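In what follows, chains carry the letters A, B, and so on, assigned in the order in which the sequence lines appear, proteins first and then strands, with residues in each chain numbered from 1. No experiment lies behind these values; they were computed from the predicted model shown.
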2 protein chains.
Amino acid sequence: MVTINDVAKEANVSASTVSRVLNNTGTISQLTTNTVIRAVKKLGYEPNVLARNFRKKRTRTILILTPNMTNPFYSNVISGICDLSRDMNYSSFVCNTTDETEQIKKTLDMLYKHKADGAILLASEKGQFWISDYADEFPIIQCCEYDPDLEISHVSIDNYHAAVETVRYLIALGHKKIGTISSTNKYLSTDNRLKGYKDALHEAGLESTDRFVSFAGKDYNYQSGCRAAEKLLAQSDRPTALFCISDVLAMGAVNTAKIMGLRIPEDLSIVGFDDVEQTSMFTPKITTVAQPCYSLGQKAAELLCKNLEQNESIPLETILPYRMIVRESTGPRP
Amino acid sequence: MVTINDVAKEANVSASTVSRVLNNTGTISQLTTNTVIRAVKKLGYEPNVLARNFRKKRTRTILILTPNMTNPFYSNVISGICDLSRDMNYSSFVCNTTDETEQIKKTLDMLYKHKADGAILLASEKGQFWISDYADEFPIIQCCEYDPDLEISHVSIDNYHAAVETVRYLIALGHKKIGTISSTNKYLSTDNRLKGYKDALHEAGLESTDRFVSFAGKDYNYQSGCRAAEKLLAQSDRPTALFCISDVLAMGAVNTAKIMGLRIPEDLSIVGFDDVEQTSMFTPKITTVAQPCYSLGQKAAELLCKNLEQNESIPLETILPYRMIVRESTGPRP
DNA sequence: AAGGACAATGCAAACGATTGCACAAGAACT
DNA sequence: AGTTCTTGTGCAATCGTTTGCATTGTCCTT
């Protein structure tokens, strides 16, 4: 293995000079710089990352904490983080935490142990104040979900207005009885989407009744979407449109509706959220609010890496645009 | 930060002794061992990973190379790898390579740079002989896909027999005209599933004609599944059953069939492969061959870690069981 | 012309662990 | 009793970089 000393010898300078050339630190004459670079190339020298990390107490590694990387929404975000951090010459270490506090803490402790330089949290439930202990010492970014009561940087979309806009759209189609499928999880987005839904109804002078609000379990999955939809649609005076806070829930709702003999969108309009790939494989293709998953991840990674690299400060809030995609599951009021 | 020397001082021994106690190397008396352990606990000493890695030229990190982590099949495998390697105190670094040779090489070069100790390749196309150059020097495992011409350890299922069994099942249902949707990609599994399909037909004395074989693009996606199915079903003398080499292709086929006015399974039986979550959200729920994605990942990670840890040798071949799941998309010949 | 400022470089000490070698003390053998 | 083995421990070198400080030479200022 060729070391910095070999290069130094070849270039007739000291190891420190080589180091300074390679790190762009200190003042080195153009002439020497050239000589060193030539020597580096000639010997095919590559700095030993292990030694460098050790000396600098840095690893060029970032942590990605996700409840579950199997979820297509998260896997897209993670993809964005991985790709960008790779381009910045950072490694990314993905960790499934299943939202368990102990697991999250254990993973974040890697920061203390110098196994990683910073972290991106994909989904923090609200009220986890202890996260600040880490964020005070290390750069941490919350991506997608975040806690507004914590002074930690986050990258997200405007869930409130996305919900408002969606429900307005349903209202514009003539719907008067609009239901929603929410969730019992503790994410901010869930609250904001519910609030947006209610405000949009209110703004249009429509009643917002508990009868039209159904909560899927915190696991958010297909089955719970089916059940939640059933509760709403079994009522004699049922909604004619459903705003679901995730696509998977929407798929469950579509399924339940079909089983109950309702045609979509003729009898019932359904809209989802996220725009995971499967929504367009479904029949009917589901109208949804697209989140820029990949970009959310990229942006978070970019902010984090730049902070680590040049100590550039991370803005407290970064909001990316959402986009409503009208497909086949919504139509005028029956 | 408390170092090994602090512990040594506290325990009135030398740093080497502390090191030996912690690494279980050399011979240390029970008495000293206890003293050291007490000192470690008292000071809350944690070995500096960076220094240790540097000295040992190891990182306790494994590389995961995937064409695309967004694919639900891979994300499940990756999940298995991540979870198991975390339990073994290894970090895992996921990298999207989009099957590009240059990207794969660049990632594997991290092994040379001591940024990782071993690697798991999720999907290698056949004929990439240069991979052996890496495998000769570092532990590498191919998971799911592999090249039989390379002497590299792999963890997989028996794709050939899975295909045979599936087609036999369709034959048992009375089908005589059975088509398949394959792909133009260069994966071994694709070849084996096609071969299994043909052999099963042959074994039953049924003709296997090119008219009934359609190839989706190498991207494997929903759209290409739709197109491939259309080619098969547009024929006047069309198949009554389709064996698709992936669930996503099967979903495309279902969709196309519906559009063409065919009822499933009354007019056409369709079976997929993989058992990704969405198959059961689809109407009808799709009959498929389940691969133990998560376990495949776990197994590969376990073998790799154990090899790194205790130099335990990795068997050339590890085959995990598949399982056919009959759901709603298959029925007797119309 | 003297002094100061500055640019360019080298020396050597870190960083925190691991490990080959040496050595002491006691045990076991002849 | 003398030799050899074994066991337990410490010393000091080492891994490959980075970096604080010292040094040299050059140029500018007054």
Rounding to a whole Å, what distance do you find between [X]:[atom1] and [N]:[atom2]?
X     : N      : atom1 : atom2 : answer
A:E46 : D:dG16 : CD    : C1'   : 14 Å
B:K56 : D:dG16 : NZ    : C1'   : 18 Å
B:N5  : D:dA12 : CG    : C1'   : 12 Å
B:M1  : C:dC15 : CE    : C1'   : 10 Å
A:R52 : D:dG16 : CZ    : P     : 14 Å
B:L50 : D:dC15 : CG    : C1'   : 13 Å
B:N23 : C:dG20 : CG    : P     : 13 Å

Would you mind classifying the nucleic acid contact of [X] as base, sugar-phosphate or nothing, using non-hydrogen atoms under 4.0 angstrom?
X     : answer
B:T32 : sugar-phosphate
B:S29 : sugar-phosphate
B:N53 : nothing
A:T3  : sugar-phosphate
B:R55 : base

Compare every heavy atom of A:D147 with every heavy atom of A:G127, then report the nearest pair and how far apart it is. N-OD2, 2.6 Å

Ignoring hydrogens, what is the shortest heavy-atom contact between A:S75 and B:M69? Give both atom names and the distance. CB-O, 3.9 Å

Nearest to the side chain of [X] - [options]?
X     : options                : value
B:F54 : D:dA12, D:dC15, C:dT18 : D:dC15
A:T27 : C:dT18, D:dT7, C:dA7   : C:dA7
A:I28 : C:dT9, D:dT9, C:dA17   : C:dT9
A:R20 : D:dG10, C:dG16, C:dT9  : C:dT9
B:A51 : D:dG10, C:dG16, D:dC15 : C:dG16
B:Y45 : D:dT19, C:dA17, C:dT18 : C:dA17

Does [N] have its OP1 or OP2 closer than 4.0 Å to a side-chain nitrogen or oxygen of [X]?
X     : N      : answer
A:K57 : D:dT18 : no
A:N48 : D:dC15 : no
A:T17 : C:dG10 : yes

Please tell me whether A:T32 and A:S29 have a donor and an acceptor in their side chains that are separated by less than 3.5 angstrom. yes

side-chain hydrogen bond (donor to acceptor under 3.5 Å, both in side chains) evaluation trace for A:Y90 with A:D117: CA-CA 10 Å; A:Y90 274 74; A:D117 302 335; 4.9 Å; no

Quick one: does A:R60's side chain have a donor or acceptor within less than 3.5 Å of a partner on A:M88's backbone? yes

